[in-house]
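See structure below.
Residue numbers count from 1 along this sequence. These numbers come from a predicted model, not from an experiment.
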Amino acid sequence: MTTVYWTGAESDDFYYQSSDGTKSNWSDNSIPQATVGETVVIAGTSDAPATAVASNPAIRQILNLTVGDYGTLEILAAANSSSLGGYVFAIHALDIISKGTVVINTAAPVELGASCTVDGTLTILNNTGSVLDNDSISGSGTLNLIGSQLGTVSNPVAVTGGLSVVLQNNATLYADLSGSTGSVTFDTNTQNTFILDDVGATINTAFYGVSEKSLFAISAADGVVPVSANWTQNADTGSWTVQINSSTGTIVTLDDVHTANGFIPGTASFSQDSAGNYILSESNASSTGTVTSAAPFYRHDQYIPRRADIFLRPHPDAQYQPFFATSHDCG
């Protein structure tokens, strides 16, 4: 198995190769994907970070792609008739190291692999067609979904490990959180939807920035109809436990829900979307009726995409204002 390393000797173009074939931005002067079964590594140093930009569609799936410390891969390619199996970039196994970054900034589908480990940062911008071959993602890093959807009714994403998920600008995530010890942060300035595929489970994942714009949903695939949502404040942490119930019992329990400053859960209601999911909507029962501060994001401190909107991630020291317990049914 051949391993090739990013050098960036000629430019930031992932696919650059001189007309005589003697120069490229890779250690063997070839283009990754030109050979079946290659392992590809993009990494830099704190003094010399490395950025590779894939502006053209892929020609072959990469077997193993590692984005190492101080390495960045930007995928910008638009779809065309020659795209590989409909994907503009295709990976069998993706590993993002703690200080590595991958940015998908294209509406075209990207194959994220049968194995996807994110210990660094994966940001998906305005994309609804990218897939995880085994419908799973793991790691201890950050997944930013900005105006994007990951997963479907029939293919929810199993999230495992301590992954931090950020939903922003009308993002949607279909997820099974039974193996997660991480967090989900909602941007309170935009509506975002988290669709649960965890019937009968108690979810320990922490949810932050929850407000009337944060939509929890029960997947259409679960075959149950929610009728009520009960919110009870946890005395020890100030967070909330949320039970979503059917007429015959509890569908799912979220035991670590942190509301945004200025939000008090009020009247709950359920509605079905076009995919058949049951969407839980909560009104704000605070006296002002408004959220006074947005979810605690700050700008990414390692990388600002040159060809993308600046994205945000949750602050690890965020504080949230606790409120009193409520319990209510949906009428």
Side-chain angles (χ1 to χ4, degrees), residues 39-43 61-73 75 87 89-104 109-125 127-146 148-168 171-186 192-208 219 221 252 254-256 300 302-303 311 313-314 316:
T39 292
V40 176
V41 178
I42 301 170
Q61 184 191 64
I62 294 176
L63 180 62
N64 298 301
L65 173 61
T66 296
V67 180
D69 287 343
Y70 304 104
T72 295
L73 171 64
I75 301 171
Y87 300 115
F89 201 89
I91 310 159
H92 175 70
L94 173 62
D95 189 11
I96 306 175
I97 305 302
S98 62
K99 295 179 182 178
T101 299
V102 173
V103 177
I104 298 172
V110 172
E111 181 185 29
L112 291 167
S115 171
C116 183
T117 302
V118 180
D119 291 322
T121 303
L122 171 61
T123 295
I124 304 177
L125 289 151
N127 183 294
T128 61
S130 292
V131 301
L132 295 152
D133 294 336
N134 283 343
D135 300 322
S136 64
I137 187 169
S138 63
S140 58
T142 300
L143 168 64
N144 294 302
L145 289 181
I146 303 174
S148 298
Q149 176 179 314
L150 192 60
T152 64
V153 170
S154 56
N155 298 99
V157 176
V159 180
T160 60
L163 193 68
S164 298
V165 178
V166 175
L167 302 179
Q168 187 178 354
T172 299
L173 177 61
Y174 287 81
D176 172 357
L177 293 178
S178 57
S180 171
T181 58
S183 66
V184 176
T185 300
F186 293 91
N192 299 282
T193 306
F194 192 92
I195 301 172
L196 295 150
D197 188 57
D198 294 282
V199 169
T202 296
I203 304 303
N204 304 125
T205 302
F207 292 88
Y208 294 106
S219 173
V252 66
L254 312 175
D255 70 3
D256 193 13
H300 195 286
Q302 296 169 6
Y303 169 67
F311 55 86
R313 71 179 186 183

> Can you check whether Asn155 reaches Tyr174 side chain to side chain, under 4.5 Å on heavy atoms?
Replying inline: no

> Is there a donor-acceptor pair closer than 3.5 Å between any side-chain N or O of Gln149 and the backbone N or O of Gly151?
Replying inline: yes

>> If I take atom CD1 from residue Ile75 and atom CD1 from residue Ile91, how far apart are they, to the nearest 0.5 angstrom?
In response: 5.5 Å

> Quick one: CG on Leu145 to OG1 on Thr172, what's the gap to the nearest 0.5 Å?
Replying inline: 8.5 Å

Throw together a table of side-chain donor-acceptor distances under 3.5 angstrom for residues 194-207, partners on residues two or more places apart or in other chains.
unit_1, atom_1, unit_2, atom_2, d
Asp198, OD1, Leu177, N, 3.0
Asp198, OD1, Ser178, N, 3.4
Asp198, OD2, Leu177, N, 3.3
Asn204, ND2, Asp255, OD2, 2.8
Thr205, OG1, Ser180, OG, 3.1

> Quick one: which of Asp119, Thr181, Val118 gives a side-chain contact (heavy atoms from CB on, under 4.5 Å) with Ser140?
Replying inline: Asp119

>> Measuring from atom CG of Leu73 to atom OG1 of Thr66, what distance do you get when rounded to the nearest 0.5 angstrom?
In response: 12.0 Å

> Looking at residues at least two apart in the chain, or sitting in another chain, which of them share a side-chain hydrogen bond (donor to acceptor under 3.5 Å, both in side chains) with Thr39?
Replying inline: Asn64

> Given Thr101 and Thr123, is the side-chain contact (heavy atoms from CB on, under 4.5 Å) satisfied, shown in steps?
Replying inline: CA-CA 8 Å; Thr101 299; Thr123 295; 5.6 Å; no

> Quick one: does Ser115's side chain have a donor or acceptor within less than 3.5 Å of a partner on Ala93's backbone?
Replying inline: no

> Can you check whether Ile96 reaches Thr121 side chain to side chain, under 4.5 Å on heavy atoms?
Replying inline: no

> To the nearest 0.5 Å, what is the distance between CD1 (Ile137) and CG (Leu94)?
Replying inline: 8.0 Å

>> Looking at every non-hydrogen atom in both residues, tell me the closest pair between Pro156 and Ala175 and how far apart they are.
In response: CB-N, 4.3 Å

> Checking Asn192 side chain against Gln168 main chain: does a donor-acceptor pair fall under 3.5 Å?
Replying inline: yes

>> Counting C-beta onward and ignoring hydrogens, is there a side-chain heavy-atom pair between Ile124 and Val110 closer than 4.5 Å?
In response: no

> Considering only heavy atoms from C-beta outward, does the side chain of Tyr87 approach that of Val131 to under 4.5 Å?
Replying inline: yes

> Is the shortest heavy-atom distance from the side chain of Leu132 to the side chain of Leu150 under 4.5 Å?
Replying inline: yes

> Leu163 and Ser138: which non-hydrogen atoms are nearest, and at how many Å?
Replying inline: CD1-O, 4.4 Å

> Does the side chain of Val102 come within less than 4.5 Å of Leu65's, by heavy atoms?
Replying inline: no

> What pair of heavy atoms forms the shortest contact from Cys116 to Ser136, and how long is it?
Replying inline: CB-O, 4.2 Å

> Is there side-chain contact between Ser98 and Asp69, with heavy atoms separated by less than 4.5 Å?
Replying inline: yes

>> Looking at every heavy atom in both Pro109 and Ser130, which two are closest together, and how far apart are they?
In response: C-OG, 4.1 Å

> In Å, rounded to the nearest 0.5 Å, how long is the span from CD1 of Ile146 to CG of Leu125?
Replying inline: 4.5 Å

> How long is the span from the CD1 atom in Ile97 to the OH atom in Tyr70, to the nearest 0.5 Å?
Replying inline: 13.0 Å

